[in-house]
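For the numbers below, each heavy atom of this structure counts, side chains included, while hydrogens, waters and symmetry mates do not. One-based numbering, in listed order, for ligands and for the atoms of each.
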Amino acid sequence: MAEGTTLLLAALDALPDNRLAEDCALPGWSGKHLVAHVALNAEALMNLATWARTGVETPMYSSPTQRDTDIATQAGLPVPELRDRVVETAVALDASLAGLTEQQWHQAIRTRQGREVTGEEIPWMRAREVMVHAVDLNAAVGFDDLPGDFLESLIADIAGKRAGAGLELVATDRDVRWTVAGDTKTEVSGTVAGLAAYLAGRETSDIGRPAPELDAWL
Ligand code: ZN
């Protein structure tokens, strides 16, 4: 999570203000939408940290509509303010997680998708956001700049959630493979970075074709 935050903030620092007004890698979003979302995500995860700390149900977002409205509204903020918000909310999330006790880390909470997890899932949820969105900024960061152990965990995570797609993922740069459950079995080979990008529904030239089309994830 800390490594991903550093990577994202460095990528963001290197992007001039005017570039953030342009499209990012996610359909319908500018760079400003993406930065607003990353800041709001930190606040949403702080709600989960509150839930873990108090045991009182505190969802990430009050509703999917509210989540989207907040992103659209905050994307209209001046860029310097967005830059400050993304830093401040990352620091605040760190502080709220640092205060959790052993017992609170094991408190049952629920993600936005309704998955039952414990507080221990929060740093992983945030790591995924900051790492993958560092790439989505269309700055200098690609999937092959992300740490190898993170990429392998990401593939294992998404492979579980894409059950039904029927894929056999074979890495060409490491001796590792993953199976995505399904009736059929299409083999897709590529670098670990390419397979992670593909499975996340991102553009990549680092896998062999043809590979079945996948929707964007996260
Ligand atoms: Zn996200």
Side-chain angles (χ1 to χ4, degrees), residues 1-12 15 19-49 51 58-77 79 82-83 85-94 96-97 109-115 117 121-139 141-143 145-147 150-151 153-162 193 196-204 214-218:
M1 175 178 147
E3 205 173 341
T5 299
T6 303
L7 200 70
L8 177 110
L9 293 179
L12 190 56
L15 270 190
R19 277 281 308 279
L20 286 173
E22 295 170 13
D23 290 348
C24 73
L26 297 176
W29 274 9
S30 67
K32 293 179 75 180
H33 284 87
L34 184 58
V35 175
H37 161 59
V38 172
L40 285 161
N41 168 263
E43 291 175 338
L45 292 175
M46 282 165 67
N47 286 343
L48 291 188
W51 186 344
T58 316
M60 292 179 68
Y61 303 99
S62 50
S63 72
T65 317
Q66 189 61 49
R67 171 186 177 272
D68 295 347
T69 306
D70 288 347
I71 292 169
T73 305
Q74 296 204 6
L77 291 172
V79 172
L82 280 170
R83 290 184 187 277
R85 267 187 53 73
V86 81
V87 174
E88 286 161 10
T89 52
V91 170
L93 174 62
D94 267 350
S96 90
L97 291 176
I109 57 173
R110 215 168 39 247
T111 68
R112 165 167 101 84
Q113 291 84 9
R115 260 184 332 122
V117 296
E121 183 84 358
I122 302 171
W124 170 244
M125 292 169 72
R126 181 62 175 174
R128 287 185 327 206
E129 287 290 322
V130 284
M131 292 273 190
V132 175
H133 291 328
V135 179
D136 291 332
L137 275 175
N138 282 341
V141 180
F143 272 87
D145 295 309
L146 304 183
F150 168 79
L151 290 171
S153 299
L154 183 70
I155 293 172
D157 186 355
I158 312 178
K161 290 179 188 134
R162 289 217 188 260
Y198 166 68
L199 216 51
R202 267 51 171 194
E203 288 290 326
T204 176
L214 298 175
D215 308 331
W217 166 89
L218 234 159

Hydrogens and angles aside, do Asp70 and Gln66 bring a side-chain donor and acceptor to less than 3.5 Å of each other?
yes
Which distance, rounded to the nearest 0.5 Å, do you find between the CG of Leu34 and the CD of Glu129?
9.0 Å
At what distance, to the nearest 0.5 angstrom, does CG of Asn41 lie from CZ of Arg67?
8.5 Å
Identify which protein N/O/S atoms are less than 2.8 Å from the Zn ion (ligand 1).
His37 NE2, Glu129 OE1, His133 NE2
List the steps and the verdict of side chain to side chain contact (heavy atoms under 4.5 Å, CB included) for Arg115 and Arg110.
CA-CA 5 Å; Arg115 260 184 332 122; Arg110 215 168 39 247; 5.9 Å; no
Who pairs with His37 by ring-ring contact (aromatic ring centres under 6.0 Å, His included), at least two apart in sequence or on another chain?
Trp29, His133
Spatial distance of atom CZ (Arg83) from atom CG (Leu20) [nearest 0.5 Å]
5.0 Å
